[in-house]
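Notes for the one structure printed next.
When a ligand or atom number is given, it counts from 1 through the structure's own listing order.
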Amino acid sequence: MYYNENTTIFLNGQFVKVKDAPVSIYNQTMHYGNGVFEGIRAYDTPDGVRIFKAKEHYERLHYSAEVMHINLQYSVKELELISYKLLELNGLKDAYIRPLVYLGDNMSLTPTDEVHVVIMAWEWGKYLGDKLLRVMLSSFQRPNPKSCFVEAKVVGHYTNSILATTEAKSKGYDEALLTDMNGYVAEGPGANFFIEKDGKLFTAPLGNILAGITRQTVLEIGKELGYEIEEKYFTPDEIFTADSAFFCGTAAEVIGIESVNEYKFPLDWEDSIGAVIQKKYKRRVAHNEYQNVYL
Ligand code: PMP
């Protein structure tokens, strides 16, 4: 699904076939989860293939590496240009790009000097599909920011996401919604969360969530369209009086939510602010309504 025998990846300065990628089984990322990554999308636009907010994604990769004491040798610009080359080599236009910075052999709990950079790309449909989601409030909370850098995309953090997703799916739901360590609504396992109430949007403030690049784009689009949006802490109770809700993330894009637990949102998705933003988001990414910095 992700690759075949012709797939090329970027690995440590070279474009190689994925089957020729050696990975040591003593690498620290595999044992302890210390590695950082990104999830990025490219779109086939009227101006050619364009990676949406490549700079923002690679700046976040740099931030993630820095807080985890990982020395990332490639600049934001280099990573962006390598990504375009990788898409070209694989003949990809609408694609998901996955840079991963993983570490060399180190069985101690100390920083590792040997740093590997790999970038993969493949075609990937919308992560949560197209239909409205049935969501479950998770029994798991997002990691406490005092136990990790919650705004960094660290490999090990995603065990929390896997637990929450698995719990939700095993109970017959499409996706989970997690609270933060104080019990306030935080985010999904791989997407940020918004509710609409009385014509206004609400989302969790930064601090206990991943600072999603799509979340930021939703805030920008919402502002441009003149909607009122408030970033504030709110409890799950407020979801159960909301009119509508949606998730947003690079892989999922903007996707509407039908219900949380058994509470069904009363507003038709098509009449919601989320639906307006979903359409505008699609235009923004697919029509290159956004200036790439290095192109
Ligand atoms: N929250 C979490 C936990 C995520 O993994 C993601 C996906 N990176 C998001 C939110 C959305 O972030 P972005 O819009 O930058 O993809």
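- The closest protein non-hydrogen atom to atom 5 (O) of ligand 1 is Y158 OH, 2.5 Å.
- Of the polar atoms of L210, none of the N or O atoms is found under 3.5 Å from an N or O of ligand 1, judged by distance alone.
- Note: Y2 and W122 have perpendicular aromatic rings, judged against thresholds of 30 and 60 degrees for the angle between ring planes.
- Put simply, the side chain of R134 gets close to the backbone of G172: a donor and an acceptor are under 3.5 Å apart.
- Proximity of R60 to ligand 1 is established by a heavy-atom distance of less than 4.0 Å.
- For atom 12 (O) of ligand 1, the closest non-hydrogen atom of the protein is G212 CA, 3.4 Å.
- Using a 4.0 Å cut-off between charged side-chain N and carboxylate O, E230 and K200 make a salt bridge.
- Ring geometry, Y263 versus F240: the interplanar angle exceeds 60°, so the pair is classed perpendicular (tilted spans 30 to 60°).
- In this structure, the protein non-hydrogen atom closest to atom 14 (O) of ligand 1 is T214 OG1, 2.6 Å.
- Partner of E38 under the salt bridge (Lys or Arg N to Asp or Glu O under 4.0 Å) criterion, out of R60, K153, K55: R60 alone.
- In terms of polar-atom proximity, S161 is not counted as a contact of ligand 1, lacking any N or O under 3.5 Å from an N or O of the ligand.
- A donor-acceptor contact shorter than 3.5 Å is absent between the side chain of R50 and the backbone of H287.
- Nearest non-hydrogen protein atom to atom 8 (N) of ligand 1 is K153 NZ, 2.6 Å.
- The pair K279-E253 does not count as a salt bridge, with every side-chain nitrogen at least 4.0 angstrom from each carboxylate oxygen.
- Which of N160, I209, N192 comes nearest to atom 11 (C) of ligand 1 through a heavy atom is settled by distance: it is N192.
- Residue contacts with ligand 1: E38 is excluded, as none of its non-hydrogen atoms falls under 4.0 Å.
- The backbone of P189, and not its side chain, has at least one atom closer than 4.0 Å to an atom of ligand 1 (non-hydrogen atoms only; backbone = N, CA, C, O).
- Of the candidates A252, A186, G190, the one placing a heavy atom closest to atom 4 (C) of ligand 1 is G190.
- If you look at A191 next to ligand 1, the close heavy atoms, those under 4.0 Å, all belong to the backbone.
- Taking a cut-off of under 4.0 Å to the non-hydrogen atoms of R142, the atoms of ligand 1 that pass are 3 (C).
- Of the protein's non-hydrogen atoms, T250 OG1, 2.7 Å is the one closest to atom 16 (O) of ligand 1.
- Using a 4.5 Å heavy-atom threshold, the side chains of K232 and E238 count as touching.
- Of the protein's non-hydrogen atoms, E187 OE1, 3.5 Å is the one closest to atom 2 (C) of ligand 1.
- Taking a 4.0 Å cut-off on heavy atoms, G39 fails to register as neighbouring ligand 1.
- Note: W124 and Y127 have tilted aromatic rings, judged against thresholds of 30 and 60 degrees for the angle between ring planes.
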Yes or no on ring-ring contact (aromatic ring centres under 6.0 Å, His included) for F265 and F246, after CA distance, side-chain angles and deciding distance? CA-CA 11 Å; F265 292 103; F246 61 91; over 10 Å; no

